[in-house]
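Take a look at the structure below.
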Amino acid sequence: MMEVQKVSRATINRVEKKDDAPTESVSFTEVMHKKKRDVLFERFQTMAQEIEAQGKNLAESQTIEDLKKYKKLVKRFLDDAVKNGLQLEEQRGFSRGGRTRIYKIVKEVDKKLIDLTNAVLQKEEKGLDLLGLVGEIQGLIINIYT
């Protein structure tokens, strides 16, 4: 009978000591939000690299076909950035100013794409700097997810 009491008291003491130790808890929701941000960041980086590679192809070839591929990649990136980027900002508690920033960058990219399209269509002009326009668009794209 005495043995049973010693075992039960020892178990109670151990449990009490564990409860006294300070522990940091991270909520499941926080972990999932961080994971989603990491996945989105990687996806944005991959998409930006694809856009950069296609931009170089476009600057070399200056063809309508490469322009269409480039614009399609940029459009897909912007759609994804607006949809997912704004959701992330809301989760992190950003103000409306974050939304405005993304929309301003999207408008600027749209203007640059129009300039790029006109440049490709009028490629006989001297001093055509497609690579410069592609570089400007690339910089704006990187600003969206960094």
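Under the rule for a side chain to side chain donor-acceptor pair (under 3.5 Å), the partners of Thr117 that lie at least two apart in sequence or sit in another chain are Lys71. Residues passing the side-chain contact (heavy atoms from CB on, under 4.5 Å) test with Glu42, sequence neighbours excluded: none. Residues satisfying the side chain to side chain donor-acceptor pair (under 3.5 Å) criterion with Lys107, sequence neighbours excluded, are absent altogether.
Closest approach of Leu130 and Ala59 over heavy atoms only: CB-CA, 4.1 Å. Nearest heavy-atom pair across Phe77 and Phe44 is CE1-O, 3.6 Å. Taking both residues in full, the closest heavy atoms of Lys69 and Gln54 are given as CB-NE2, 3.6 Å, listed atom of the first, atom of the second, then distance. The shortest heavy-atom contact between Tyr70 and Ile51 is CE1-O, 3.4 Å. The two residues Ala48 and Ile141 have their closest heavy-atom pair at CB-CG2, 4.1 Å.
To the nearest 0.5 Å, atoms CD1 (Ile142) and CD1 (Ile105) are separated by 11.5 Å. We find the CD1-CD distance between Ile144 and Glu108 to be 10.5 Å, quoted to the nearest 0.5 Å. Atom CG in Leu73 sits 8.0 Å away from atom CE in Met47 (nearest 0.5 Å). Distance NZ/Lys112 to CG/Leu140: 7.0 Å, rounded to 0.5 Å. The distance from atom CD of Glu136 to atom NZ of Lys111, rounded to the nearest 0.5 Å, is 12.5 Å. With rounding to the nearest 0.5 angstrom, the CD atom of Gln122 is 12.5 Å from the CD atom of Gln62.
Note on Asp79 versus Lys75: salt bridge recorded, some NZ/NE/NH1/NH2 to OD/OE distance being below 4.0 Å.
A side chain to side chain contact (heavy atoms under 4.5 Å, CB included) with Leu67 holds for exactly one of Leu113, Asn57, Val120; it is Val120. If you run side chain to side chain contact (heavy atoms under 4.5 Å, CB included) between Leu58 and each of Thr63, Ile64, Leu116, only Leu116 comes through.
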Determine, stepwise, if the pair Glu52 / Lys56 fulfils side chain to side chain contact (heavy atoms under 4.5 Å, CB included). CA-CA 6 Å; Glu52 183 178 16; Lys56 288 178 182 175; 4.0 Å; yes

